[in-house]
Amino acid sequence: MYRCKRNTTFLTFSILIILILPTIVFGECTCDEEDEDRNRQKALKYKIAALISILVASVIGVCIPLLGKFVPALSPEKDIFFIIKSFAAGVILSTGFIHVLPDAFKNLTSPCLNEHPWGDFPFTGFVAMCTAMGTLMVDTYATSYFQKSHFKKGQIEATDVEKEAERHEGHVHVHTHATHGHTHGAVSSNEYSSEFLRHRVISQVLEIGIVVHSVIIGISLGASESPKTIRPLVAALTFHQFFEGMGLGSCITQAKFKLQAVVIMGLFFALTTPIGIGIGIGITNVYDENSPTALIVEGVFNAASAGILIYMALVDLLAADFMHPRVQQNGKLQIGANASLLLGAGCMSLLAKWA
């Protein structure tokens, strides 16, 4: 029951982001800029190419870790899984620091905004900091709550089995042995479930952070009429979504969701940016990226997304894996994971030149 509620809440929140965001970024332009090279027909061709390319890359990226059930080499029990996940975590970390956070600073320090209050206080850093702390709190309380729920459930099941044993066992010795054996089994099962719960919290919070900035990226790209701006974004965002999908897919794999939940989360990630592009194409005539409302909304959402992504990459992905006994006890795996992390962050950072 609680899984259904959490999945429903997550989907509702994400859908609201997609539906509400475009309606609050319209506005009058109050800051004139030099006209870019505008060509609506040529730009539309690039947008369609971007939509298809990003959709395919997202699907492939999120599916690769999920193939561990069918391809033993990609199983979470294999060393290569840590290497791939480290690379994807580097991409997500670089996305937060190099792509999303600078965009947020650019939005909230734009000359199109009033000097007061936007010039009086570093709102971008403040929002990112608050979001990172908020993510920590949600992460902590959600994990704690569901661990306690599972522990109570395990205790109730243990009590029921003991009562059943008392009714059927004729000897005290046999009863004690059965109870003792069950108690160990209950603890082991509870620890097993707690680990999955932890990964489930991580995967859903991470997807929320990815969804937020994916919607903004999609709308901005779809609303642009400059082929010069869109063309380099096609390759950059395709690469970006592919490896973000691998990071998210790795978390989903470790969480061991049921097939329905896996499909829903995978499709939702894959469709978010293309849907954003479609919305952007639809509102091209009324969307103004330089209006104060658009700048504030995009800046705040970008800053919030950056806070979530940076926290998740450092704490839930990198710290959790790099401090894992399996990595700590394997020197070669440590070197491989560190090299993979640097490579992922470096490759994504280089894309900032074109994105």
Side-chain angles (χ1 to χ4, degrees), residues 1-11 13-14 61-71 74-93 135-151 153-154 187-211 243-269 308-328 333 337 340-341:
M1 178 64 72
Y2 72 87
R3 290 181 191 169
C4 295
K5 289 182 178 179
R6 293 187 68 234
N7 287 333
T8 302
T9 302
F10 166 73
L11 290 174
F13 176 79
S14 303
V62 79
C63 285
I64 286 178
L66 300 177
L67 294 175
K69 292 182 178 180
F70 312 100
V71 182
L74 297 176
S75 172
E77 287 75 28
K78 301 293 183 179
D79 289 349
I80 189 65
F81 184 85
F82 285 92
I83 303 296
I84 294 173
K85 193 175 177 184
S86 296
F87 184 92
V91 170
I92 293 173
L93 184 63
T135 305
L136 169 64
M137 295 174 187
V138 170
D139 207 0
T140 303
Y141 285 115
T143 303
S144 175
Y145 174 78
F146 290 115
Q147 282 180 344
K148 290 177 181 177
S149 297
H150 268 251
F151 180 72
K153 182 179 178 181
V187 172
S188 175
S189 176
N190 190 56
E191 291 174 351
Y192 193 63
S193 300
S194 297
E195 182 180 352
F196 290 153
L197 281 172
R198 177 71 184 140
H199 287 301
R200 287 173 180 179
V201 172
I202 290 172
S203 60
Q204 293 190 350
V205 174
L206 178 61
E207 180 149 11
I208 289 174
I210 292 173
V211 162
F243 286 106
E244 264 196 350
M246 288 183 66
L248 179 62
S250 299
C251 294
I252 294 174
T253 299
Q254 290 181 303
K256 296 190 181 297
F257 284 107
K258 291 183 179 179
L259 179 61
Q260 182 180 4
V262 170
V263 171
I264 291 174
M265 292 185 71
L267 282 178
F268 200 80
F269 163 77
I308 294 174
L309 293 178
I310 291 169
Y311 169 85
M312 296 299 295
L314 289 174
V315 178
D316 286 333
L317 300 182
L318 293 174
D321 283 352
F322 278 55
M323 296 301 171
H324 194 283
R326 183 170 181 176
V327 177
Q328 290 286 305
L333 184 55
S340 183
L341 167 64

**Item:** Check against side chain to side chain contact (heavy atoms under 4.5 Å, CB included), Met265 and Phe257
**Value:** CA-CA 10 Å; Met265 292 185 71; Phe257 284 107; 3.7 Å; yes

**Asked** Which pair of heavy atoms, one from Pro65 and one from Gly249, lies closest together, and at what distance?
**Response** CB-C, 3.5 Å

**Asked** Measuring from Thr135:OG1 to Ile208:CD1, what's the distance to the nearest 0.5 Å?
**Response** 9.0 Å

**Message:** Has Ser203 got a side-chain atom pairing as donor or acceptor with Ile252's backbone, closer than 3.5 angstrom?
**Reply:** no

**Item:** Between CD1 on residue Ile202 and OG on residue Ser250, distance to nearest 0.5 Å
**Value:** 12.0 Å

**Asked** For the side chain of Ser144 and the backbone of Thr140, is there at least one donor-acceptor N/O pair under 3.5 Å apart?
**Response** no

**Item:** Qualifying residues under ring-ring contact (aromatic ring centres under 6.0 Å, His included), relative to Phe269, sequence neighbours excluded
**Value:** none

**Asked** In Å, rounded to the nearest 0.5 Å, how long is the span from NZ of Lys78 to CD1 of Ile84?
**Response** 13.0 Å

**Request:** Assess whether side chain to side chain contact (heavy atoms under 4.5 Å, CB included) is satisfied between Thr253 and Val262, documenting all intermediate values.
**Result:** CA-CA 8 Å; Thr253 299; Val262 170; over 6 Å; no

**Item:** Non-hydrogen side-chain atoms of Met246 and Phe87 separated by less than 4.5 Å
**Value:** no

**Item:** Set of residues satisfying side-chain contact (heavy atoms from CB on, under 4.5 Å) with respect to Tyr141, sequence neighbours excluded
**Value:** Met137

Show which side-chain atoms of residues 308-325 pair as donor or acceptor with protein atoms under 3.5 Å away, not counting sequence neighbours.
from	atom 1	to	atom 2	distance (Å)
Tyr311	OH	Asp139	OD2	3.1
Asp316	OD1	Arg198	NH2	2.6
Asp321	OD2	Lys85	NZ	3.4
His324	ND1	Arg326	N	3.1

**Prompt:** Could you state the interatomic distance from CG (Leu206) to CD (Glu244), rounded to the nearest 0.5 Å?
**Reply:** 7.5 Å

